[in-house]
Amino acid sequence: MNLVLERISPEDIPVDFREIWARLGGIGSVSEEKIQAVIAEIGAEASPAFLADDISVRVNNGICISADELMIASADFAKIAGGCSRVMMIAATLGAGVDRLIHKKSALSVAEGFIFDAVASAMAEGLVDLAEIRSTSGYEHTKRFSPGYGDMPLSLQGEIIRLLDGRRLGITLSESGMMIPRKTVTALIGMK
């Protein structure tokens with residue numbers, strides 16, 4: 001497979017209301033109508049897109065090593081990816097406009113900022129779900145695994161962004177290692 005860059009319409013992002021309510025403290029904590037309005041407002045500021053590419057890997061002593069200069073030092077992922085010869089790398093982002101909107105809402109009201117942040121987080125997860133479906137269609141694959149899960153180092157997200165050239169979508173890392181835009185998700189998927 002070759003590098004895929006796909007821009008997504010915000011309306012095409014699947015949104016899991018259970019995830020939103022879990023982030024907000026439970027069902028009924030915020031009305032469904034309010035969440036729908038927040039989704040629409042975020043959608044108006046979002047520029048969702050993802051990058052995906054697969055790399056060859058081999059598992060050696062609980063570490064996945066790729067020919068593309070990526071060492072995935074995670075025994076947890078190596079267990080999942082055992083028997084896989086390729087790994088799909090994904091970087092998905094809602095874009096910088098969503099960061100600006102959350103910052104604006106947070107400055108006006110901590111509660112509003114919290115709601116917008118929770119909904120945007122769920123939308124980012126929906127976007128990476130969609131990226132997973134589109135980039136692995138037709139292939140047998142493992143579940144998605146992201147830097148920071150289990151023993152997979154969070155620092156690996158920088159390598160994923162570098163290999164995918166995340167700058168094309170405006171994805172960078174801060175000095176402290178945080179992804180910018182904040183509503184960005186990186187993931188690895190073993191391909192059989």
Side-chain angles (χ1 to χ4, degrees), residues 5-52 89-135 143-150 152-162 164-189:
L5 186 159
E6 188 171 340
R7 301 203 184 273
I8 306 295
S9 171
E11 296 83 29
D12 291 339
I13 299 172
V15 181
D16 184 343
F17 276 71
R18 294 170 303 184
E19 182 173 343
I20 294 171
W21 280 313
R23 290 174 183 272
L24 293 174
I27 294 174
S29 57
V30 176
S31 73
E32 188 170 331
E33 294 78 21
K34 170 68 174 176
I35 292 172
Q36 290 286 7
V38 171
I39 289 170
E41 199 167 341
I42 290 170
E45 298 299 321
S47 51
F50 72 87
L51 290 160
M89 300 181 298
I90 297 174
T93 187
L94 292 179
V98 174
D99 283 5
R100 289 189 295 273
L101 178 63
I102 292 169
H103 180 74
K104 176 182 165 185
K105 295 296 180 176
S106 296
L108 296 173
S109 161
V110 172
E112 278 292 290
F114 180 72
I115 293 167
F116 274 77
D117 187 76
V119 172
S121 292
M123 290 176 73
E125 284 297 318
L127 176 60
V128 79
D129 288 344
L130 184 62
E132 176 182 349
I133 290 166
R134 291 189 178 179
S135 63
K143 65 180 182 176
R144 183 174 80 225
F145 209 84
S146 288
Y149 288 6
M152 184 179 283
L154 195 56
S155 60
L156 188 59
Q157 63 194 10
E159 288 302 304
I160 295 168
I161 291 167
R162 180 184 65 78
L164 291 174
D165 193 11
R167 294 172 298 170
R168 294 185 221 195
L169 299 180
I171 302 171
T172 60
L173 288 180
S174 70
E175 287 183 22
S176 64
M178 295 293 295
M179 286 190 288
I180 301 169
R182 286 181 42 227
K183 299 309 174 189
T184 299
V185 179
T186 57
L188 299 172
I189 303 165

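As the structure is a prediction and not an experimental result, all values here were calculated from the model. Numbering starts at 1 and runs along the sequence shown.
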Test side-chain contact (heavy atoms from CB on, under 4.5 Å) applied to V38 and E41, step by step: CA-CA 5 Å; V38 171; E41 199 167 341; 5.6 Å; no
Step-by-step side-chain contact (heavy atoms from CB on, under 4.5 Å) determination, L156 to L188: CA-CA 10 Å; L156 188 59; L188 299 172; 3.8 Å; yes
Check against side-chain contact (heavy atoms from CB on, under 4.5 Å), R144 and D129: CA-CA 9 Å; R144 183 174 80 225; D129 288 344; 2.5 Å; yes
Residues F50, V185; criterion side-chain contact (heavy atoms from CB on, under 4.5 Å); working and verdict: CA-CA 9 Å; F50 72 87; V185 179; over 6 Å; no
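Using modelled atom types, no side-chain atom of E11 and backbone atom of G43 make a donor-acceptor pair closer than 3.5 Å. In this structure, S146 contributes its side chain and T186 its backbone to a donor-acceptor pair below 3.5 Å. Remark: the backbone N or O of D16 is not paired with any side-chain donor or acceptor of W21 at under 3.5 angstrom.
Listed by chain and residue number, nothing satisfies the salt bridge (charged side-chain N to carboxylate O under 4.0 Å, His left out) test with E45 (two or more places apart in sequence, or in another chain). Applying the side chain to side chain contact (heavy atoms under 4.5 Å, CB included) rule to D117 yields the partners I102, S121, R182, K183; only residues at least two apart in sequence or on another chain are considered. For S47, the side chain to side chain contact (heavy atoms under 4.5 Å, CB included) test picks out no residue, with sequence neighbours left out. Partners of K104 by side chain to side chain contact (heavy atoms under 4.5 Å, CB included), not counting sequence neighbours: none found. In this structure R100 satisfies the salt bridge (charged side-chain N to carboxylate O under 4.0 Å, His left out) test with no other residue, sequence neighbours excluded. Every residue two or more places apart in sequence or in another chain that forms a ring pair (Phe, Tyr, Trp, His ring centres under 6.0 Å) with F145 is listed here: F77, Y149.
The two residues G113 and S106 come nearest to each other via the heavy atoms CA-OG, 3.2 Å. Shown here for L164 and A91, the closest heavy-atom pair between the two residues is CD1-N, 3.6 Å.
Atom CD1 of I20 is separated from atom CD1 of I35 by 5.0 Å, given to the nearest 0.5 angstrom. One distance of note links CG of D99 with OG1 of T93; it measures 7.5 Å at 0.5 Å rounding.
Between K143 and E132 there is no salt bridge, since no side-chain N of the basic residue sits under 4.0 Å from a carboxylate O of the acidic one.
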